[in-house]
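Below you'll find the structure, written out as structure tokens, and then a few comments.
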Amino acid sequence: MSLRLLLVSDTHVPQRAQALPDQVWAAVDDADVVFHAGDWVSAELLDMFEQRSRQLVGVYGNNDGGDLRQRLPETASVTLEGVRFSVIHETGPAKGREERCEALFPDADVRVFGHSHIPWDTASARGLRLLNPGSPTDRRRQPVCTYMTAVVGNGRLGDVELVEVKRR
């Protein structure tokens, strides 16, 4: 059996966007598990994710207020199909990220994070996979808004894809 994953972060609704794009909601509907690595900004958006997701793994980010911090942890961990995932909003500077995360999260196979709005897909020396899906609503210095999809099954993470949010 395999599970379809959606990785999203830095939605910033309603500050940077009035609503999440329909394309992203369709990806939520298609996913077996949705990861959100923080900076939701509004509790209403979290409510919508909770209603639409089959399984939601989320954390709060630096732009999330007390209402979201009461409902979400700073870090979250889950094991899916034998793969150990860890989620946090911020991992610090890009330089040395792999080594830092490897030391801080020795039991994780995959680390999902956000904050920078910059897509990231690397692995540490021991094989810890680091994934940042970018932002589906605020591209900052990136050419496009993005999220990621992946598949997990039989103890392996596979088919990791960076998906461009199409502009209407």
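Basis for what follows: all heavy atoms, side chains included, without hydrogens, waters or symmetry-related copies.
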Arg156 atom CZ, over 12 foreign heavy atoms within 6.0 Å: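 Open: at most 12 neighbouring heavy atoms sit under 6.0 Å from CZ of Arg156.
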Any chance CD of Gln55 has more than 12 other-residue heavy atoms, nucleotides or ligands included, within less than 6.0 Å?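 Result for CD/Gln55: enclosed.
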Return the [atom1] to [atom2] distance between [X] and [Y], rounded to the nearest 0.5 Å.
X      : Y      : atom1 : atom2 : answer
Lys166 : Asp22  : NZ    : CG    : 15.0 Å
Asp47  : Ser42  : CG    : OG    : 8.0 Å
Ser116 : Asn132 : OG    : CG    : 4.5 Å
Asp10  : Phe113 : CG    : CZ    : 10.5 Å
Ile88  : Thr75  : CD1   : OG1   : 6.0 Å
His36  : Leu56  : NE2   : CG    : 8.5 Å

Could you walk me through whether Asp64 and Arg71 pass salt bridge (Lys or Arg N to Asp or Glu O under 4.0 Å), step by step? CA-CA 11 Å; Asp64 295 327; Arg71 294 174 60 187; over 6 Å; no
Would you check if Ile118 and Arg141 make a side-chain contact, meaning some heavy-atom pair closer than 4.5 Å?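 Yes. Closest side-chain heavy atoms under 4.5 Å.
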Report yes if some heavy atom in the side chain of Val41 is under 4.5 Å from a heavy atom in the side chain of Thr11; otherwise report no.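 Result no, sub-4.5 Å side-chain heavy-atom pair not found.
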Flag for Ser135-His12: side-chain donor and acceptor within less than 3.5 Å: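 No, no side-chain donor-acceptor contact under 3.5 Å.
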Smallest heavy-atom separation, Val24 atom then Leu6 atom, equals O-CD2, 4.3 Å
Taking all heavy atoms of Thr137 and all of Val13, pick out the closest pair and write down the distance. CG2-CG2, 4.5 Å
Begin with the C-alpha distance, continue with both residues' side-chain angles, and end with the deciding distance and a verdict on side chain to side chain contact (heavy atoms under 4.5 Å, CB included) for Leu80 and Val33. CA-CA 9 Å; Leu80 302 170; Val33 182; 4.0 Å; yes
Apply side chain to side chain contact (heavy atoms under 4.5 Å, CB included) to Phe105 and Arg84, showing your working. CA-CA 10 Å; Phe105 307 99; Arg84 299 165 302 178; over 6 Å; no
Ring pair (Phe, Tyr, Trp, His ring centres under 6.0 Å) pairs, two or more places apart, involving residues 75-94: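 Sorted pair list: Phe35-Phe85, His89-His115.
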Using the rule that two of Ile, Leu, Val, Met, Phe, Trp, Tyr join whenever any of their side-chain heavy atoms come within less than 4.5 Å, decide whether Val165 and Val163 are in one cluster. yes
Side chains of residues 142-152: which donor-acceptor pairs under 3.5 Å do they make with residues two or more places apart or in other chains?
from: Thr146; atom 1: OG1; to: Pro133; atom 2: O; distance (Å): 2.8
from: Tyr147; atom 1: OH; to: Gln23; atom 2: NE2; distance (Å): 3.3

Test side-chain hydrogen bond (donor to acceptor under 3.5 Å, both in side chains) applied to Arg52 - qualifying residues, sequence neighbours left out: Asp29
Please determine whether side chain to side chain contact (heavy atoms under 4.5 Å, CB included) holds for the pair Asp121 and Arg129, giving the CA-CA distance in whole Å, both sets of side-chain angles, and the decisive distance to 0.1 Å. CA-CA 7 Å; Asp121 183 353; Arg129 188 82 174 262; 2.6 Å; yes
Could you label the plane-to-plane angle of the Phe49 and Trp40 rings as parallel, tilted or perpendicular, counting under 30° as parallel and over 60° as perpendicular?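 Judged by the thresholds at 30° and 60°, the geometry between Phe49 and Trp40 is perpendicular.
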Side chain to side chain contact (heavy atoms under 4.5 Å, CB included) between Leu46 and Asp67: does it pass, once the steps are laid out? CA-CA 10 Å; Leu46 172 57; Asp67 54 344; over 6 Å; no
